[in-house]
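Report on the structure given below.
Since the model is a prediction, treat every value here as computed from it, not as a measurement.
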Amino acid sequence: MNLALKNKVINFKKVWILVLLFNLLLGYTATFMPQYIISIFLGLVLMFFIITSPEFSYFLVILLSVNQLILIESVMPDPRPFTFKYLDRFHSIDFHIFYILLDIFLSLALISWVLARFSGTRNRYPGTPLDVNIIFFFVWVIFSLSWTPYLSMGLLKITLLFLCFVGFYLSVCIIRTEKMLSIVIGTLITLGMINACLAIYSLRGEQYFEPIFKYGHLTFFIHFNTIPKGRGWGLSFPQTTAYFLNTAVFLTLGVISRVKNKKKVFCIFLIIVLIIGHLSTLSKAGVIGLLAGFLFIILNYKVLKGYFFTSLIVVVVAVMILGYVARIDDIKRTVEGGIGGTVKSGSTSTGPRQIIWKQGFEDLCKNYGLGYGCGKFYLAHSIHFSTLFELGVMGFVLWLALVIKSFWAIRSTLKRSIDSNYEITILSFTAAWISILVFGLFDLFYWDEMLWTFLGISMALLNLVNRSVVIKSA
């Protein structure tokens with residue numbers, strides 16, 4: 001029996017085993033719980049596709065990558081342990097788990113991929129230039145458990161970080177063709193438009209809170225727009241909405257060069273809507289990340305290189321104008337409370353951040369540069385500072401090495417003789433990656449699933465481009 005036929009037989013057996021289990025569960029439900037037969041049937045159909053198709057599971061992960069609307073709340077008898085002695089007023093008895101659905105679907109996608117690999121229907125992991133750096137970083141995170149004050153929290157964060165790497169791994173494994181890459185980019189841009197439209201609507205809408213399920217001290221609920229008419233909300237909190245919309249803006253910018261005529265105009269319209277939605281969030285870190293990404297494009301896009309200052313002024317003026325358009329129904333309040341207020345540390349998060357960072361550096365010196373260990377949830381409001389304060393100097397060096405290696409891999413690919421469309425796509429992904437890292441100066445954590453998944457998509461793009469160069473040269 002040849003290999004192709006053998007793989008089909010193995011896959012055929014796997015599918016029939018799942019079908020039999022599917023029928024058994026339906027039979028049990030029909031006998032003992034007939035009132036739930038329809039909902040369980042639909043759920044089992046979904047699970048069937050999730051388990052048998054890694055690509056389907058992966059796209060569910062992408063669709064849930066910016067979810068912060070569906071939460072789990074647990075009421076605890078004592079104040080939340082993740083607080084600081086100098087921020088006592090922020091103590092709360094509520095503990096929220098934000099990414100529970102995304103983590104569940106990442107786990108299911110991994111199971112689906114493992115089953116597909118065992119059946120021989122999917123190719124092995126192709127590798128990336130970042131693999132060694134990621135392994136060293138993860139090993140150091142595990143090693144930090146040896147001195148962390150909260151072992152249980154450390155194990156939870158290691159689990160979350162492992163799922164982040166799963167997102168990276170699956171992106172590299174699944175995105176192997178230009179068609180798949182285009183579908184992923186289109187999905188991210190579509191999600192960006194949904195976020196932008198919701199953010200614009202939220203400035204004119206009301207707060208929404210709806211419990212879905214409650215059991216004991218646990219509550220499963222949907223919430224939206226908890227700051228009505230204050231800051232724009234998409235499918236997640238304002239800061240996360242801005243962070244994701246930065247990515248969508250630059251991916252759309254990369255698509256413009258690959259389309260013609262009316263499609264270019266449509267893409268420009270999309271970018272305008274995405275930026276308006278972004279600016280409705282009043283995220284300073286988001287705006288700085290957006291400008292940093294545009295600065296990279298201006299410096300590296302050949303058409304704009306001779307018009308640096310003109311392009312920069314146009315971008316800055318456009319961002320300012322669109323910021324007012326986002327709040328055109330209340331420009332006075334926007335100027336006084338939004339723009340004017342953000343320069344006063346007392347009305348923004350600048351003051352608390354300075355306190356947190358100062359305390360973090362003081363504690364870092366006391367523990368000889370080792371950091372708190374990954375078991376300490378240090379709310380540094382910075383991916384770079386949280387890495388430094390929790391994982392110490394060595395962890396921070398490993399993180400920086402990984403970031404530098406990512407840019408080195410991008411530079412190495414751009415130096416090769418590649419198609420101009422690929423070049424612009426790489427520049428757009430790099431601009432998005434820079435905007436994420438700049439945003440991370442003021443927010444984000446190193447165990448953010450979307451960050452690692454996007455990095456995986458970027459490495460998949462580089463693999464695709466390098467493979468095309470090899471094929472072309474052969």
Side-chain angles (χ1 to χ4, degrees), residues 62 65-66 128-131 133-134 137 164-165 167-172 175 181 184-185 187-189 191-192 239-257 271 274-275 278 283 285-301 315 382-384 386-387 396 398-415 418 421-466:
I62 295 294
S65 58
V66 289
T128 73
L130 302 183
D131 292 347
N133 298 80
I134 289 175
F137 183 72
C164 291
F165 296 153
F168 178 92
Y169 172 83
L170 292 175
S171 298
V172 176
I175 303 174
L181 177 66
V184 171
I185 291 174
T187 303
L188 292 173
I189 293 173
L191 267 177
Q239 296 90 333
T240 310
T241 299
Y243 149 55
F244 182 75
L245 288 179
N246 275 347
T247 303
V249 166
F250 293 115
L251 293 185
T252 310
L253 202 60
V255 172
I256 288 181
S257 63
I271 290 175
L274 289 169
I275 294 177
H278 174 290
S283 170
V287 172
I288 295 172
L290 183 70
L291 295 176
F294 272 119
L295 181 62
F296 173 82
I297 293 290
I298 292 170
L299 288 172
N300 291 276
Y301 189 42
V315 167
S382 168
I383 186 173
H384 312 294
S386 67
T387 305
F396 184 66
L398 291 172
W399 165 251
L400 282 184
L402 192 153
V403 171
I404 292 170
K405 187 66 175 292
S406 69
F407 285 112
W408 181 264
I410 292 168
R411 183 176 179 272
S412 299
T413 303
L414 287 172
K415 288 177 68 176
I418 61 176
N421 286 332
Y422 274 141
E423 181 180 357
I424 295 170
T425 303
I426 292 174
L427 288 177
S428 69
F429 267 86
T430 308
W433 179 231
I434 288 172
S435 74
I436 290 172
L437 294 174
V438 172
F439 177 87
L441 287 170
F442 311 98
D443 223 317
L444 215 56
F445 305 107
Y446 60 85
W447 64 90
D448 178 69
E449 293 92 340
M450 184 57 203
L451 181 148
W452 290 96
T453 301
F454 181 79
L455 184 57
I457 297 171
S458 302
M459 291 300 108
L461 168 63
L462 296 187
N463 282 348
L464 183 61
V465 173
N466 289 325

Could you walk me through whether T387 and F445 satisfy the side-chain contact (heavy atoms from CB on, under 4.5 Å) test, starting with their C-alpha distance in whole Å, then the side-chain angles of each, then the deciding distance to 0.1 Å, before giving a yes or no? CA-CA 8 Å; T387 305; F445 305 107; over 6 Å; no

State, to 0.1 Å, how close [X] and [Y] come at their nearest heavy-atom pair, and which atoms those are.
X: V172; Y: M459; result: CG2-CB, 4.2 Å
X: G289; Y: S435; result: O-CB, 3.2 Å
X: G254; Y: S428; result: CA-CB, 3.6 Å
X: F244; Y: G192; result: CE2-N, 3.5 Å
X: S171; Y: G456; result: CB-C, 3.6 Å
X: S283; Y: G286; result: OG-N, 3.0 Å

Under a 4.5 Å cut-off applied to non-hydrogen side-chain atoms, are [X] and [Y] in contact?
X: L451; Y: Y446; value: no
X: I62; Y: I457; value: yes
X: F429; Y: T425; value: yes
X: L402; Y: L455; value: yes
X: I175; Y: L461; value: no
X: Y301; Y: I424; value: yes
X: I426; Y: L414; value: yes
X: I436; Y: T247; value: yes

Pair I404, F407 - check side-chain contact (heavy atoms from CB on, under 4.5 Å), show working. CA-CA 5 Å; I404 292 170; F407 285 112; 5.9 Å; no

Inter-residue atom distance [X].[atom1] - [Y].[atom2], 0.5 Å rounding:
X: F439; Y: I383; atom1: CZ; atom2: CD1; value: 10.0 Å
X: E449; Y: S65; atom1: CD; atom2: OG; value: 9.5 Å
X: S382; Y: L444; atom1: OG; atom2: CG; value: 9.0 Å
X: M450; Y: F454; atom1: CE; atom2: CZ; value: 7.0 Å
X: N300; Y: L295; atom1: CG; atom2: CG; value: 9.0 Å
X: I271; Y: T252; atom1: CD1; atom2: OG1; value: 5.5 Å

Verify side-chain contact (heavy atoms from CB on, under 4.5 Å) between L398 and N133, making sure each step is shown before the conclusion. CA-CA 7 Å; L398 291 172; N133 298 80; over 6 Å; no

Parallel, tilted or perpendicular, judged at 30° and 60°: which one describes the rings of F137 and W399? tilted

Show your working on side-chain contact (heavy atoms from CB on, under 4.5 Å) between I288 and L441 and close with a plain yes or no. CA-CA 10 Å; I288 295 172; L441 287 170; over 6 Å; no

Test item: [X] side-chain N/O and [Y] main-chain N/O as donor-acceptor pair under 3.5 Å:
X: N466; Y: L462; answer: yes
X: D131; Y: T128; answer: yes
X: H278; Y: N246; answer: no

For residues F250 and F296, establish whether the separation of their ring centroids is below 6.0 Å. no

Would you say the side-chain atoms of S406 and W433 include a donor-acceptor pair closer than 3.5 Å? yes

